[in-house]
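Heads up, the thing below is written out as structure tokens.
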Amino acid sequence: MSKFHLAKYRNIGISAHIDSGKTTLSERILFYTGMIHRINEVRGGGDGAKMDHMELEKERGITITSAAVTVEWKDHKIQLIDTPGHVDFTVEVERSLRVLDGAVLVLCGTSGVQSQSITVDRQMRRYNVPCLAFINKLDRAGSDPYRVTDQLREKLSHNAVMMQIPIGSEGDFGGVIDLLKMKAVYFEGEKGLDVVYKEIPDGYVEKAKDYRQKLLDSVAMFSDELTELILEDKEPSLELVQKTIREATIARKLTPVFMGSAFKDKGVQELLDAVLTYLPSPLDRQYWGFKNEERVEVFPEANKPLIAMAFKITDETFGQLTYTRIYQGTLKKGDSAYNPRLGKSQRIGRFVQMFSNDKVELAEATAGDIIAMVGVECASGDTYCDENINTTMESMFIPEPVIELAIKAEKQDDLTKISKALNRFMKEDPTFRVYVDDESNETIIRGMGELHLEIYVQRIQREYKANVVIGQPKVNYRESPGKEASFDYKHKKQTGGSGQYGHVVGRLKPISEGTEGNFKFTNLVVGGSIPKEYIPGCEKGFKESMDKGPLAGFQVIGVEIELTDGTFHPVDSSEMAFKIAAREAFKEAFIASKPTILEPIMKVEVETPLDFQGTVQGDISSRRGILQGTDMRGDVAVVIAEVPLSEMFGYSTQLRSMTQGKAGFSMEFAKYRAVPSSIQEQLIKKYQEERAKGSKK
């Protein structure tokens with residue numbers, strides 16, 4: 001059994017926009033909790049940060065895969081996951097937040113709330129994960145925690161409350177003032193190891209009193225007892241205020257804001273204390289599973305039947321490593337656990353506690369633990385449970401890929417290696433897809449962005465020693481109906497013996513705004529004009545038609561089908577005949593609906609010195625971009641725009657050259673929008689030419 005009571009567990013993630021200092025913060029947490037004895041920086045030579053254990057991560061100075069580690073702090077067990085900040089690896093954040101109980105949202109003191117901060121916040125909301133905010137990099141020129149806290153309120157709609165205010169700013173940032181204890185906190189000694197509490201320095205007392213009052217006024221909204229004390233001008237106890245903040249934070253009604261500079265070793269121990277004080281233990285969260293399609297509550301208790309979820313998979317030399325969160329029950333070495341998706345029990349021979357890429361063997365794990373099972377074949381998102389309860393945990397949201405690339409082996413001998421690599425990457429990453437194009441017979445890889453696919457190509461070359469030739473990146477366009485269209489199609493084929501007969505009548509409509517999913521099928525057939533047993537065949541035919549649209553061969557989205565009538569033949573009708581009829585009816589109606597081709601539009605944020613603002617904006621406009629606005633952050637302009645993905649290939653090189661290497665950008669998928677008619681004509685023409693070529697072969 002664990003030496004920690006479940007109330008002393010904290011399962012947390014560290015999430016943020018790229019380059020906000022997440023990994024630097026994680027590295028300091030490992031150092032202060034005694035898990036490492038030397039700090040390695042993300043950039044600047046050496047061995048690289050402990051949490052960035054892949055060679056590519058060390059070289060590029062970015063986090064590519066989420067890394068798990070278990071630390072102890074003040075008699076508590078913290079299971080920490082450092083997640084990537086780059087939008088191309090967003091699934092790593094998605095699956096980590098799916099299994100975590102709380103999170104630390106890291107914000108750059110200079111840049112504040114950025115595009116990926118908004119994405120991460122959306123993911124936290126999706127899984128109802130409470131969070132603390134940590135404003136980092138307060139030693140940087142232009143840093144302003146007051147402005148960043150305002151952005152948390154305005155841009156992310158958080159009820160953000162400052163728990164600290166800074167002492168000094170930018171290069172003179174020296175420490176923080178704890179507004180609850182009304183003490184100045186300094187981080188002295190080697191690497192800020194000594195946390196020293198002193199009286200608030202002159203010149204800060206009035207400001208501290210003012211912000212403490214704001215803090216108490218905000219917190220009092222959640223406690224009648226606290227409100228009464230404040231109205232009577234009585235000093236509330238520290239315990240009451242902390243208890244109220246904790247309850248409001250867990251309910252996601254309040255976001256406590258802490259601050260510091262991880263790189264300068266300031267503020268991290270106070271943040272760790274806040275994690276223990278304000279973020280939930282597994283006992284504070286409510287978990288749900290599904291049994292026979294009914295929602296059932298899952299309890300974090302060690303003596304109940306086992307329920308665990310595999311949330312991340314990596315392949316290693318000794319076999320598959322499956323990161324797993326145990327929600328209920330106990331797992332012992334050598335136990336068998338039932339996988340409802342596979343419909344069979346599997347023996348769990350070994351499991352380990354992860355420390356980035358190092359492992360510690362375990363004999364037993366209980367509810368609340370995050371472990372890695374060794375050599376167990378399963379898929380990301382699988383549930384493991386006691387066979388008698390057959391309960392599955394709610395699955396996670398997987399975004400659709402927006403970009404694709406053709407790849408082929410440089411030498412025939414490398415084909416097997418490449419095939420092995422692609423199969424492994426698909427298993428590990430649900431947003432990475434591979435298929436063979438029917439017409440060109442090329443192997444196509446799909447992903448979330450240029451960097452995403454570039455990293456996988458480099459991993460094939462490094463880890464599998466196989467060279468690949470890559471084609472031009474391709475955009476995943478979509479097709480969508482423009483207006484309602486009717487269909488009335490009769491499939492009739494007579495050969496020797498029984499023939500085929502299926503007749504379908506109905507309407508194809510653009511899906512109404514706000515409807516979930518991209519396909520909706522409604523059966524309005526009455527009076528048995530199409531027998532019930534053929535209706536699934538009709539639905540299947542319509543649904544399969546959406547894989548490749550009749551306009552230019554792209555996937556179809558946003559279609560509602562209403563099947564209203566039809567006829568059948570007592571001998572010649574079959575499910576297959578109705579499926580074929582539905583396919584042909586779909587083609588006819590879709591072409592009649594004045595369809596449009598849609599392209600993925602990316603939200604782009606460019607940070608550039610003011611001297612180059614006009615150049616950057618002009619370049620974005622030339623890429624068919626629509627400017628959404630400009631933020632000023634000190635002497636840096638942040639240009640926000642929506643730009644078609646097809647116009648963004650190679651943008652990083654272009655941006656560097658036109659700003660003397662001084663600008664940076666981030667982008668993420670925003671929505672699909674209709675392409676201009678001239679581009680639509682080109683895409684249709686290209687598709688027709690490719691089909692003509694394919695039919696000649």
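One-based numbering along the sequence shown.
- In this structure, the side chain of Ser111 does not engage the main chain of Cys108 through any donor-acceptor pair within 3.5 Å.
- The structure places CH2 of Trp288 at 12.5 Å from OG1 of Thr391, a figure rounded to the nearest 0.5 Å.
- For Glu605 (side chain) and Ile640 (main-chain N/O), no donor-acceptor pair under 3.5 Å exists by modelled atom type.
- The shortest distance between side-chain heavy atoms of Val268 and Tyr32 falls below 4.5 Å.
- Using a distance-only test at 3.5 Å, with no hydrogens or angles considered, a donor-acceptor pair links the side chain of Gln328 to the main chain of Pro305.
- Across all non-hydrogen atoms, the minimal contact from Gln151 to Val113 is OE1-N, 2.7 Å.
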Mind running side chain to side chain donor-acceptor pair (under 3.5 Å) on Tyr127 and Asp101 for me, showing each step along the way?
CA-CA 9 Å; Tyr127 301 115; Asp101 298 323; over 6 Å; no
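- Comment: Glu361 engages Arg350 in a salt bridge, judged by a side-chain N to carboxylate O separation of less than 4.0 angstrom.
- Residue Glu225 qualifies as open at atom CD: its count of foreign heavy atoms under 6.0 Å is 12 or below.
- Between Thr227 and Asp224, the side chains place no donor N or O within less than 3.5 Å of an acceptor N or O (distance only, hydrogens not considered).
- Put simply, the side chain of Arg212 gets close to the backbone of Leu179: a donor and an acceptor are under 3.5 Å apart.
- Smallest separation of non-hydrogen atoms from Val148 and Gly112: CG2-CA, 3.8 Å.
- A salt bridge between Arg246 and Glu239 is absent, with no side-chain N of the basic residue lying under 4.0 Å from a carboxylate O of the acidic one.
- The distance from atom NZ of Lys243 to atom OG1 of Thr277, rounded to the nearest 0.5 Å, is 14.5 Å.
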Please determine whether side chain to side chain donor-acceptor pair (under 3.5 Å) holds for the pair Asp369 and Tyr9, giving the CA-CA distance in whole Å, both sets of side-chain angles, and the decisive distance to 0.1 Å.
CA-CA 8 Å; Asp369 281 330; Tyr9 274 56; 3.0 Å; yes
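- For the 3.5 Å distance criterion, the side chains of Asp273 and Gln269 fail to qualify, holding no donor opposite an acceptor.
- Here Lys214 contributes atom NZ and Tyr211 contributes atom OH; the two are 4.0 Å apart, rounded to the nearest 0.5 Å.
- For the atom pair CG of Asn159 and CZ of Phe222, the computed distance is 5.0 Å after rounding to the nearest 0.5 Å.
- With hydrogens and angles left out, the side-chain atoms of Tyr327 and Arg285 include no donor and acceptor closer than 3.5 Å.
- Between the side chain of Asp284 and the backbone N or O of Ser281 there is at least one donor-acceptor pair closer than 3.5 Å.
- Arg28 contributes a side-chain N or O that, together with a main-chain N or O of Ala262, makes up a donor-acceptor pair within less than 3.5 Å.
- The heavy-atom pair separating Thr383 from Pro340 by the smallest distance is O-CD, 3.1 Å.
- Under 4.0 Å is where a charged nitrogen must lie from a carboxylate oxygen, and between Arg140 and Glu170 no such pair does.
- Note: Glu364 CD to Leu331 CG = 9.0 Å, rounded to the nearest 0.5 Å.
- At a threshold of 4.5 Å between non-hydrogen side-chain atoms, the residues Cys378 and Thr322 count as touching.
- Using a distance-only test at 3.5 Å, with no hydrogens or angles considered, no donor-acceptor pair links the side chain of Ser143 to the main chain of Ala141.
- The backbone N or O of Asn128 lies less than 3.5 Å from no partner atom in the side chain of Arg252, so there is not a single donor-acceptor pair.
- Listed here is the closest heavy atom pair of Val376 and Met373: CG2-CB, 4.0 Å.
- Between the OG atom of Ser218 and the CE atom of Met162 there is a distance of 12.0 Å, given to the nearest 0.5 Å.
- No side-chain donor-acceptor contact under 3.5 Å links Asp178 and Gln164.
- Ion pairing between Asp150 and Arg153 holds under the 4.0 Å rule for side-chain N and carboxylate O.
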